[in-house]
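Take a look at the structure below.
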Amino acid sequence: MSEMISETEWKETLTLILEELRSQQFTKMLEMLEKIPRSVKTERSREEMPKIIIEHYGLEGSISAIADVMDLIPRRDARVQDPLHTFVKKLRKKQKKETKGKKRKCESDLDSKDNKKEAAAGFMKNGIISDSDSSDEEREADQQKSCKSDKENIPSWRKTIHDLRNSDGLCQKPIVGKIVQKSALRIYVTKQKVKRFFFYVALADETNCIKAMVYGEERFKKITEKNFYMFRNYKMEMCDYTNENNMKVFKDSTVSRTPPVDVPEELEVEAQMLIYRYSPVCSIAKAKLFDAKTLVSVEGTVTKIDPVEHVKLKTKRGKKEKRDFILKDDTDSIRITLWGKDIQQFRDKSHGDFVRVTNVKTSVYYDMVSLNSTDYTRILKIQNAEVQNVTFKIIGITATNKMETHLEAEINGQVETFFVESKLLAKAVGVRLEGDFEERLLQNMPFSADVVLQGSKINKITAAEKM
């Protein structure tokens with residue numbers, strides 16, 4: 001099969017895929033395609049939509065976007081996935097070839113660029129900003145760091161994640177990596193109607209990152225984010241539709257803590273995208289408690305918008321555009337800075353809009369915490385956020401304390417993240433807030449609830465009536 005991707009063939013295939021969608025699925029797909037303006041979505045027919053999607057996402061971007069959306073709707077059946085898989089496979093081959101070319105160029109550049117390691121240590125002062133606060137400069141510094149890591153000698157007893165992704169079956173050779181992100185503990189029911197537990201981790205080493213499915217409630221308590229672990233006797237299984245290997249860690253697999261390995265920052269950011277389409281939404285007050293350069297998502301009301309500025313960079317790269325705005329929720333407010341092309345995402349936003357800002361990085365300057373846009377930042381205006389009455393099923397707990405609980409819930413066939421005051425959740429579930437609150441919540445899951453939402457915040461929650 002040729003690696004060339006024909007726009008005409010993709011448009012014809014996309015037309016066939018959209019024809020397979022039921023009306024509700026088609027509407028849900030349009031809601032997820034955030035780059036397309038709402039007015040365009042409502043004024044165009046289904047027959048015109050393939051052209052619109054390609055215009056707004058580009059040829060390759062539209063293939064990736066549709067693949068993600070079809071998985072989330074979900075439409076994982078052969079009638080949709082078989083024609084889609086042909087183009088996904090071509091795209092992955094093309095991207096893999098381009099990545100190899102960039103790596104060769106990067107290794108060559110390393111010989112002549114030895115002084116850019118300081119680019120990631122920038123600060124903001126007197127209107128001058130360093131490379132670390134600009135996504136373009138961060139990416140270059142991280143790319144060089146990644147190249148250096150690739151050239152390092154990795155012990156022969158270890159298997160790299162890069163090589164692991166091409167493996168199949170049971171693997172005994174260990175891998176070592178950093179747990180960049182961990183999902184909530186989730187529940188599945190066996191054929192014998194027995195509840196079992198599993199969770200996902202995003203694992204990264206010097207060469208690549210991978211999403212792993214880990215079985216066992218006891219493992220969930222032992223494996224923690226930002227620590228490094230060695231995995232042995234795990235299994236790799238090929239997914240027919242994505243053409244990617246999935247890593248599974250069973251109860252008889254061996255997991256142990258290890259010293260750190262050098263994980264490039266760009267791989268950490270990529271790993272954050274493996275479990276969630278965006279980093280889980282948290283309150284602004286909580287976002288201010290994270291360490292610098294932590295990837296977070298927040299939502300709230302826009303209370304102030306500054307004009308676009310041209311800011312001098314610390315290096316000889318001239319000036320870069322930036323735009324600041326203030327976002328406020330009922331816990332706190334925070335300044336968010338958009339850089340370069342990310343400013344365009346704010347064109348249709350105005351004072352008083354309720355928006356969700358995903359995948360922004362924390363920045364700490366003395367005692368002041370702000371947020372900076374990244375290559376993965378998206379800004380979504382949330383319609384009717386003030387009042388949303390829905391019923392969902394709680395299936396996982398991400399984090400909890402006496403003040404606030406972050407949970408995962410199944411809603412409209414998707415898993416999304418929400419947060420709620422712990423006392424409201426305790427009352428709805430009918431458990432005590434004191435002691436091991438999380439354990440008592442797990443014992444009552446899955447738990448169906450009627451909730452009142454404002455964005456990702458649950459303002460009211462009661463147990464759903466049983467049918």
Side-chain angles (χ1 to χ4, degrees), residues 32 34 124 133 135 138 180-184 225 268-269 272-273 275-306 322-339 342-365 367-386 388 398-401 403-409 411 415-422 451-459:
M32 293 179 180
E34 300 171 0
M124 181 183 291
D133 292 310
S135 58
E138 278 188 323
V180 178
Q181 192 176 59
K182 184 174 73 169
S183 77
E225 291 182 355
E268 288 202 38
V269 175
Q272 297 240 20
M273 303 298 108
I275 296 179
Y276 301 102
R277 291 175 61 240
Y278 52 83
S279 55
V281 174
C282 66
S283 65
I284 291 176
K286 184 173 182 179
K288 286 187 171 184
L289 299 177
F290 289 119
D291 295 333
K293 295 188 177 181
T294 299
L295 203 65
V296 300
S297 297
V298 293
E299 60 187 20
T301 303
V302 178
T303 61
K304 181 182 179 183
I305 304 174
D306 291 343
K322 81 178 184 76
R323 185 169 208 169
D324 291 351
F325 68 96
I326 304 297
L327 194 71
K328 183 180 185 302
D329 66 8
D330 57 359
T331 67
D332 207 338
S333 61
I334 197 166
R335 178 175 295 275
I336 300 177
T337 301
L338 304 177
W339 292 98
D342 294 326
I343 295 174
Q344 301 302 315
Q345 296 189 53
F346 211 69
R347 284 184 302 178
D348 60 340
K349 313 300 187 299
S350 58
H351 187 280
D353 284 344
F354 192 89
V355 300
R356 176 181 296 159
V357 186
T358 64
N359 304 325
V360 282
K361 273 187 180 181
T362 55
S363 175
V364 182
Y365 184 68
D367 293 329
M368 184 179 70
V369 180
S370 60
L371 300 173
N372 283 289
S373 66
T374 69
D375 289 342
Y376 299 91
T377 295
R378 297 293 180 269
I379 304 174
L380 173 66
K381 186 189 296 184
I382 301 177
Q383 303 295 330
N384 302 320
E386 294 298 327
Q388 281 187 295
T398 304
T400 185
N401 54 46
M403 297 297 295
E404 189 175 88
T405 296
H406 290 244
L407 53 85
E408 289 183 330
I411 179 171
V415 176
E416 297 187 19
T417 58
F418 303 92
F419 62 95
V420 62
E421 289 185 26
S422 295
V451 300
V452 177
L453 292 175
Q454 180 181 10
S456 291
K457 183 185 178 184
I458 300 171
N459 289 325

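Basis for what follows: all heavy atoms, side chains included, without hydrogens, waters or symmetry-related copies.
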Looking at [X] and [Y], what are the two nearest heavy atoms and their distance?
X: S373; Y: D342; result: OG-OD2, 2.8 Å
X: M403; Y: N401; result: N-OD1, 2.8 Å
X: C282; Y: F419; result: C-CE2, 4.2 Å

Can you tell if the side chain of [X] reaches within under 4.5 Å of the side chain of [Y], non-hydrogen atoms only?
X: I379; Y: L338; answer: yes
X: N359; Y: S297; answer: yes
X: L453; Y: I458; answer: yes

Got a second to check how far [X]'s [atom1] is from [Y]'s [atom2], nearest 0.5 Å?
X: H351; Y: T303; atom1: NE2; atom2: OG1; result: 5.5 Å
X: L295; Y: L371; atom1: CG; atom2: CG; result: 10.0 Å
X: S370; Y: I334; atom1: OG; atom2: CD1; result: 6.5 Å

Any side-chain to backbone donor/acceptor pair from [X] onto [Y]? Under 3.5 Å, distance only.
X: T362; Y: D291; answer: yes
X: K288; Y: M368; answer: no
X: D353; Y: V355; answer: no
X: Q345; Y: T377; answer: yes
X: T358; Y: R378; answer: yes

With sequence neighbours excluded, residues passing side chain to side chain contact (heavy atoms under 4.5 Å, CB included) with [X]:
X: I305; answer: V302, R323, F325, F346
X: A285; answer: S283, T331, D332
X: Q344; answer: R347

Run the side chain to side chain donor-acceptor pair (under 3.5 Å) test against D324 and tell me which residues pass, sequence neighbours left out. K322, R335, T337

Under the rule for side chain to side chain donor-acceptor pair (under 3.5 Å), what residues qualify as partners of S422, not counting sequence neighbours?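 With neighbours one apart ignored, the set is T405.
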
Counterpart residues, salt bridge (charged side-chain N to carboxylate O under 4.0 Å, His left out), relative to [X] (two or more places apart):
X: D367; result: none
X: K286; result: none
X: E404; result: none
X: D329; result: none

So V357 and L327, side chain to side chain contact (heavy atoms under 4.5 Å, CB included) or not? Walk me through it. CA-CA 9 Å; V357 186; L327 194 71; 4.3 Å; yes

